[in-house]
Amino acid sequence: MSARTSGPGRKTLASVERLSFRYPDSARAAVRDVTLEVGEGEVVLLAGPSGCGKSTLLRCINGLIPHMYHGEYQGRVVVGGLEVAKTPMSTLSENVGFLFQNPENQIFMFSVERDVAFGLQNLSVPREEMRTRVDEAMRLLGVSNLATRAPHELSDGQKQRTALAGVVAMRPRLVILDEPTSLLDPKTALEVAELIGRLNRELGITFIIVEHRLELLVPLAHRLVVMEGGSKVLDGAPEEVLSDPRVESYGVNVPPISRLYTSLARDGIRLPRNPSTPEELAQEINDL
Amino acid sequence: MYWLSGGFVFKRVVSPFNRLDPRVRLLIAAEFFLLSLMAQTIWQIVLLVGAILAISAVARSLRRIGRAVAFSGVFALFIFGVNFVLGLGLLHAILYAARFLAIISSTSVFFVTTSPDELEQIMKWMGFPRDVVFAFVTAVRFIPVVMLDASQIMDAQKSRGLEFEKGSLLKRAKNLVPILVPLVVNSVVRSGELAEAMESRAYGSTPRPTSLYAMRATWYDWAACVLSLALATAAGLYIYHHFPFG
């Protein structure tokens, strides 16, 4: 996994403007006055304790809120120039892909290739083009050899890659991942993280990712956003946010390398920046 | 029980029968089904079952069909018993039980050789509404998932001391409640997540979705179709002329 390069001057792909949302059966807002801009090609990590509004915010960005879930909606979300609240889900689905936590619940068909084609079928993509896009997505996600397998014949990692292939085949500019590695073992989780990095680098796909195992995805991320109680409380480069003394109080699971960086700083050993991989840490210590 | 129910579960096999267009396979199974209903003597049933088994052998699914027949054996015995007790005579009781087994094996031939994807294509071809087809496909797709859920819930409840196999019939039925409640709750949660995933992948955005595959009948399918129709018609006419109904 290579370290990311931050991208100043990126064109805005998604913007959330003073968004608040309250579910009808809830006394308080799940998302409160959140403003967020996501640049083209960026990987944005969203962190925070359970119930802080991360998943609600993601659903506001892909349009499930307000199209599927109704409630008190204030503010504006724009993705790729389309105002989410005023654009039908079918149009949004070509711009925003969504990978849910449990891949089992988003594989509909009986074979991998037919499931990858599911979204394209719904968009009435002609058969020849569909074939090309399905093959391309399966190749990118490394599931071509599983094309005719049934979902119950796949491992959890293979299911996650199949579900992601189904999203990628629709060629969205922005892909939202809601805890994509939470049900995976460490090795498979690392493989999925590497895939995300490759899709970002090779296809320029923008990602917004909710993830608790930050050590997996911090090396890929351009930004880390922390939420608490429905509000955005920290937003910046991952190394800056993870060095913030308040970050742990917001329930963020700080990666061990960032802990070590903070601990070294406390003891007077100042590294030039908060490293995201053991290799970066070794390099920085070497350069001292 | 799980082993026996495998007689109706699809398995991917390469064979001359599986190569046929699924619509032709459905036609052949339907022909056997109708002939089983028409058959009037035990010998006719024996011939029919023989033909079904021959096709199962070509489809390399003889064992699976055998499992379907074994699975249905209890019901066949029940049919035999009821008819015998009602005084229809030994021969008629055997005939009805054998007819039941012939019907089961003819439907099993279709299901073990036809993937759920092919079933979906047939249903679409028959003009079923898309939502009905999708509901059917999803229900079949999630059978293994719900079975796994049920097994995990049973294990969890057993580890907490719940004993399913003890007590009277009523007590055993009551013991199923701690399994059924979480199973239904899980399924409701799952259906919510499915709906979200469907929306996110543009389900229902067009009234005429395209398909990755299309069913195309070749000369091979047409030949099998004509041959099977000819044989089934001849067999039907023979039965009708020698044993007119009513």
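From a predicted model like this one, the values you see are computed outputs, not experimental measurements. Computation of the quantities below employed the complete heavy-atom set of this structure, encompassing side-chain atoms and omitting hydrogens, waters and symmetry-equivalent molecules.
- Within 6.0 Å of the CZ atom in B/F75, the count of heavy atoms belonging to other residues, nucleotides or ligands does not exceed 12.
- Counting only heavy atoms from C-beta outward, the side chains of A/E113 and B/D117 never approach each other to under 4.5 Å.
- Using cut-offs of 30° and 60° for the angle between ring planes, the A/F108 and B/F134 rings count as tilted.
- For B/V145, the part lying near chain A is the side chain, with the backbone staying farther off; criterion is any non-hydrogen pair under 4.5 Å.
- Under the 4.5 Å side-chain criterion, counting only non-hydrogen atoms from C-beta, A/N105 is in contact with B/F142.
- Ranked by non-hydrogen atom pairs under 4.5 Å with chain B, the options A/G166, A/P172, A/G63 are led by A/G166.
- In terms of heavy atoms, B/A202 sits closest to A/S90 at CB-CA, 4.2 Å.
- Using a 4.5 Å heavy-atom threshold, the side chains of B/R130 and A/N122 count as touching.
- Inter-residue side-chain proximity for A/P126 and B/T210 is flagged as unmet; no heavy-atom pair is nearer than 4.5 Å.
- Contact of the B/R190 side chain with the A/E104 side chain is registered, since non-hydrogen atoms from C-beta on lie closer than 4.5 Å.
- For chain A, no part of B/S115 is nearby; none of its heavy atoms comes within less than 4.5 Å.
- In this structure, NE2 in A/H67 is found 11.0 Å from OG in B/S200, a value given to the nearest 0.5 Å.
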message: Evaluate B/E199 against A/N62 for side chain to side chain contact (heavy atoms under 4.5 Å, CB included), listing each step before the verdict.
response: CA-CA 10 Å; B/E199 282 283 330; A/N62 98 315; over 6 Å; no
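- Among A/M68, A/Q121, A/M170, the residue with the largest count of heavy-atom pairs under 4.5 Å with chain B is A/Q121.
- Proximity to chain B (any heavy atom under 4.5 Å) is shown, for A/I176, by neither the backbone nor the side chain.
- The most heavy-atom pairs under 4.5 Å with chain B, out of A/M130, A/Q106, A/E94, A/R127, come from A/R127.
- Of the possible donor and acceptor atoms, none in the side chain of B/R201 sits under 3.5 Å from a partner among the backbone N and O of A/V167.
- Taking the side chain as every heavy atom from C-beta outward, A/F100 and B/E196 approach each other to under 4.5 Å.
- A donor-acceptor contact shorter than 3.5 Å links the side chain of A/S124 to the backbone of B/R208.
- Put simply, of A/R114, A/Q101, A/H152, A/E128, the one with the most heavy-atom pairs under 4.5 Å next to chain B is A/R114.
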